[in-house]
Amino acid sequence: ERRFEARIGVVGSVHADRIDMLLLFETAAGFGLFKVLDEGKVREEKDLGKYFSTSDGANKLVKLKAFSKFDNTTDALAAATALVDSKLSKGLKKFLKKNVGEETLALADSKLGSIVKDKLGIDCIANGSVLELARGVRSQLSALVSEFSGQDLSPMSLGLAHSLSRYKLKFSPEKVDTMIIQAIGLLDDLDKELNTYAMRAREWYGWHFPEMSKIVTDNVDYAKTVKLMGTRECAAKTDFSDILPEEVETELKDASIISMGTEINEMDMLNIIQLCDQVISLSEYRTQLFEYLKSRMNAIAPNLTVLVGELVGARLIAHAGSLINLAKHPASTVQILGAEKALFRALKTKHETPKYGLIYHASLIGQSAPKFKGKISRVLAAKCSLAIRVDALSDSPDATIGIENRAKVEARLRQLEGKALGALSARKSGTDPQKYDKFRSPETPGVVTTPRAYNVEGDIALETPKSAEGKEKKEKKEKKDKSEKKEKKRKSRSTEDGTPKEKGSESEKKKKKKREKE
């Protein structure tokens with residue numbers, strides 16, 4: 001920009017004597033070209049605001065040369081958005097071609113000036129003096145433009161400002177996620193009501209034809225069959241080929257002949273048929289609502305839809321309140337969104353926290369093995385968090401981020417399954433130590449060999465309490481015998497010295513005398 005201003009300044013100084021200056025000024029009503037009457041003041045003066053304090057001073061400095069009015073608000077918004085993006089619109093290009101010749105064009109935007117220079121060959125200038133000049137023209141616009149005299153420009157400016165703000169914020173009815181929240185809520189309510197109505201129809205008609213409940217399992221097909229058939233006596237004459245498969249139709253007709261149900265009158269049958277009509281209409285409306293929800297999800301959150309599907313994505317948005325609120329959640333919150341009760345109960349009781357919430361119903365988690373569901377849900381929640389932020393804050397309508405992230409999650413799932421298969425094959429190949437099985441041959445483990453004879457010697461008899469007591473008595477007796485033997489040896493050694501021997505002999509003599517007297 002500095003180089004551009006320097007180049008423009010040189011052009012303006014060279015042609016200052018013979019080339020006029022025009023100011024391009026944009027308003028909410030159209031484009032205006034003002035001729036600068038005194039270029040010297042514009043180039044030299046730093047404070048131009050004092051010349052625009054009055055309308056007379058403004059008319060002495062600038063004068064309106066041409067004005068291009070917008071036809072409607074759409075044209076005004078298109079021109080304003082082009083100026084915001086520094087682009088040259090078709091209307092402005094035609095206006096400049098028609099009204100600018102050899103003059104120098106003063107602009108507030110240097111980027112737009114370079115585009116005008118390249119495409120139209122008009123010398124442009126953009127500096128601080130031009131901004132001061134444009135500010136002064138804006139303050140005295142009603143006095144400088146005769147078309148605006150006596151008119152209030154604020155309503156036009158306010159309307160254009162609202163339109164421009166809506167464009168800047170990329171506001172679009174296609175991006176309203178409130179429709180998704182209402183649609184998924186109505187879809188869940190319809191499922192409950194449809195199930196209730198279908199069960200009531202089965203129970204009511206079951207009094208007349210109880211065997212039909214087991215033959216026709218689908219609720220909608222059941223209602224259509226009852227409506228087409230009426231009472232069971234008409235089953236043999238009715239063609240069910242448009243509703244039921246051939247084998248089911250044959251079974252139904254056979255069961256109608258031997259049915260044990262009660263008879264019903266025409267009024268009862270009429271009410272049952274009306275209930276079946278309600279079931280059929282609700283199912284058709286549910287299908288239509290699901291298609292609407294599918295289109296809304298593809299328009300508002302295409303990346304999230306690719307990762308988890310329409311229903312799970314819509315339930316996540318509805319649970320968070322909006323797509324922006326969901327984008328503010330971290331991946332760990334997205335993973336357990338919908339399992340808040342289980343989470344707080346686990347924290348309160350100090351048990352394991354839940355691994356997944358609403359995201360559990362995604363197809364990628366359903367494909368994984370039970371032991372890998374926790375890991376896959378963590379990976380999927382991380383990728384969903386990125387996809388949600390892209391959907392909420394990006395302008396791109398395609399789902400490239402979602403497709404790439406889904407491929408990464410699938411690769412992670414294959415990696416986990418490959419590890420499990422590798423460990424299983426390693427065990428089968430014999431790299432890991434195998435458990436010993438005496439009934440299988442080591443050369444061919446798949447072949448069961450004849451069991452060996454029973455080895456009696458390999459048995460070990462456990463000691464009972466009685467046997468333990470006998471063992472203790474035996475040990476005590478052995479110890480007593482050993483002590484007696486030691487005492488005898490000691491006495492025999494002492495008799496060899498003489499003294500103890502005499503005492504022993506005298507005592508023996510006395511004992512003999514007593515025996516003789518007796």
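In this chain, numbering begins with 1 at the start of the sequence shown.
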Only pairs under 3.5 Å count here: list side-chain donor-acceptor contacts from residues 270-283, not counting sequence neighbours, and write none if there are none.
residue: Asn271; atom: ND2; partner: Met267; partner atom: O; Å: 2.8
residue: Asp277; atom: OD1; partner: Lys227; partner atom: NZ; Å: 3.0
residue: Ser281; atom: OG; partner: Asp277; partner atom: O; Å: 3.1
residue: Ser281; atom: OG; partner: Gln278; partner atom: O; Å: 2.9
residue: Ser283; atom: OG; partner: Val279; partner atom: O; Å: 3.3
residue: Ser283; atom: OG; partner: Ile280; partner atom: O; Å: 2.6

Report, one line per pair, each donor and acceptor closer than 3.5 Å where one atom sits in a side chain of residues 379-386; sequence neighbours left out.
residue: Ser385; atom: OG; partner: Arg389; partner atom: NH2; Å: 3.2

Sequence neighbours excluded and cut-off under 3.5 Å, please list the side-chain donor-acceptor pairs for residues 397-407, or say none.
residue: Asp398; atom: OD1; partner: Ser396; partner atom: OG; Å: 2.2
residue: Asn405; atom: ND2; partner: Ile401; partner atom: O; Å: 3.3
residue: Arg406; atom: NE; partner: Glu410; partner atom: OE2; Å: 3.3
residue: Arg406; atom: NH1; partner: Val306; partner atom: O; Å: 3.0
residue: Arg406; atom: NH1; partner: Leu307; partner atom: O; Å: 3.2

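Side chain of Gln288 to backbone of Arg286: no donor-acceptor contact under 3.5 angstrom is found. A distance-only check finds no donor-acceptor pair linking the side chain of Asn219 to the backbone of Ala198 [under 3.5 Å]. Remark: side-chain polar atoms of His329 are not paired, donor with acceptor, to backbone N or O of Ala327 under 3.5 angstrom. Side-chain N or O atoms of Asp391 include one that pairs as donor or acceptor with a backbone N or O of Leu304 at under 3.5 Å.
Annotation: side chain of Leu37 is not in contact with side chain of Val62 (no heavy-atom distance under 4.5 Å). At least one side-chain heavy atom of Val130 sits under 4.5 Å from a side-chain heavy atom of Leu23. Taking the side chain as every heavy atom from C-beta outward, Phe240 and Lys224 never approach each other to under 4.5 Å. Side-chain atoms of Leu194 and Tyr197, non-hydrogen and from C-beta on, never get closer than 4.5 Å to each other. When side chains are defined from C-beta on, Leu326 counts as touching Leu337, because their heavy atoms get closer than 4.5 Å. Within the 4.5 Å cutoff, the side chain of Leu187 has heavy atoms near those of the Leu311 side chain.
Closest non-hydrogen pair, Cys124 versus Leu107, comes out as SG-CD1, 4.1 Å. When all heavy atoms are compared, the tightest approach of Gly357 to Ala339 is CA-CB, 4.0 Å. Of all non-hydrogen atoms in Gly313 and Val308, the two that sit nearest each other are N-CG2, 3.7 Å.
The ring-ring contact (aromatic ring centres under 6.0 Å, His included) test applied to Tyr222 returns no partner, not counting sequence neighbours. Phe34 is linked by a ring-ring contact (aromatic ring centres under 6.0 Å, His included) to nothing, counting only residues two or more places apart in sequence or in another chain. Contacts of Phe95 classified as ring-ring contact (aromatic ring centres under 6.0 Å, His included), with partners at least two apart in sequence or in another chain: none. Scored by the salt bridge (Lys or Arg N to Asp or Glu O under 4.0 Å) test, Glu249 finds Lys253 as partners (sequence neighbours excluded). The side chain to side chain donor-acceptor pair (under 3.5 Å) check on Asn325 picks up Ser322, with sequence neighbours excluded. Applying the salt bridge (Lys or Arg N to Asp or Glu O under 4.0 Å) test to Lys355 and every residue at least two apart in sequence or in another chain returns nothing. Looking at residues two or more places apart in sequence or on another chain, you find a ring-ring contact (aromatic ring centres under 6.0 Å, His included) between Phe31 and Phe70.
How far CD1 of Ile122 is from CD1 of Ile115: 13.0 Å, rounded to the nearest 0.5 Å. How far CG of Leu252 is from CD1 of Ile215: 5.5 Å, rounded to the nearest 0.5 Å. With rounding to the nearest 0.5 Å, the separation of OG in Ser68 from NZ in Lys98 is 8.5 Å. Here CG of Asn195 is found 12.0 Å from CZ of Arg200. Values are rounded to the nearest 0.5 Å. Residue Lys294 holds its NZ atom at 13.5 Å from CG of Leu289, rounded to the nearest 0.5 Å. Atoms CG and CD, on Asn127 and Glu132 in that order, are 10.5 Å from each other to the nearest 0.5 Å.
Between Arg296 and Asp177, none of the side-chain N atoms (NZ, or NE/NH1/NH2) sits under 4.0 Å from a carboxylate O, so this pair counts as no salt bridge.
For the side chain to side chain contact (heavy atoms under 4.5 Å, CB included) with Leu105, the lone residue among Asp123, Leu33, Leu112 that qualifies is Leu33.
Contacts classified as ring-ring contact (aromatic ring centres under 6.0 Å, His included) and involving residues 285-306 (residues at least two apart or in different chains) are not found. Counting only residues at least two apart or in different chains, side chain to side chain donor-acceptor pair (under 3.5 Å) contacts with residues 239-248 comprise Asp239-Ser241.
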Chi angles and distances behind the side chain to side chain contact (heavy atoms under 4.5 Å, CB included) call for Asp109, Leu83: CA-CA 9 Å; Asp109 190 358; Leu83 289 174; over 6 Å; no
Leu413 vs Lys375, side chain to side chain contact (heavy atoms under 4.5 Å, CB included): CA-CA, chis, key distance, verdict: CA-CA 9 Å; Leu413 178 59; Lys375 293 182 180 180; over 6 Å; no
Salt bridge (charged side-chain N to carboxylate O under 4.0 Å, His left out) assessment of Lys65 paired with Glu103: CA-CA 12 Å; Lys65 181 181 179 182; Glu103 296 91 352; 3.3 Å; yes
Derivation and outcome, side chain to side chain contact (heavy atoms under 4.5 Å, CB included), residues Asp75 and Asp71: CA-CA 7 Å; Asp75 294 342; Asp71 295 333; 3.5 Å; yes
Candidate pair Phe344 and Leu347, rule side chain to side chain contact (heavy atoms under 4.5 Å, CB included), full reasoning: CA-CA 5 Å; Phe344 292 122; Leu347 294 175; 4.3 Å; yes
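No more than 12 heavy atoms of other residues, nucleotides or ligands shown are found within 6.0 angstrom of NZ on Lys35.
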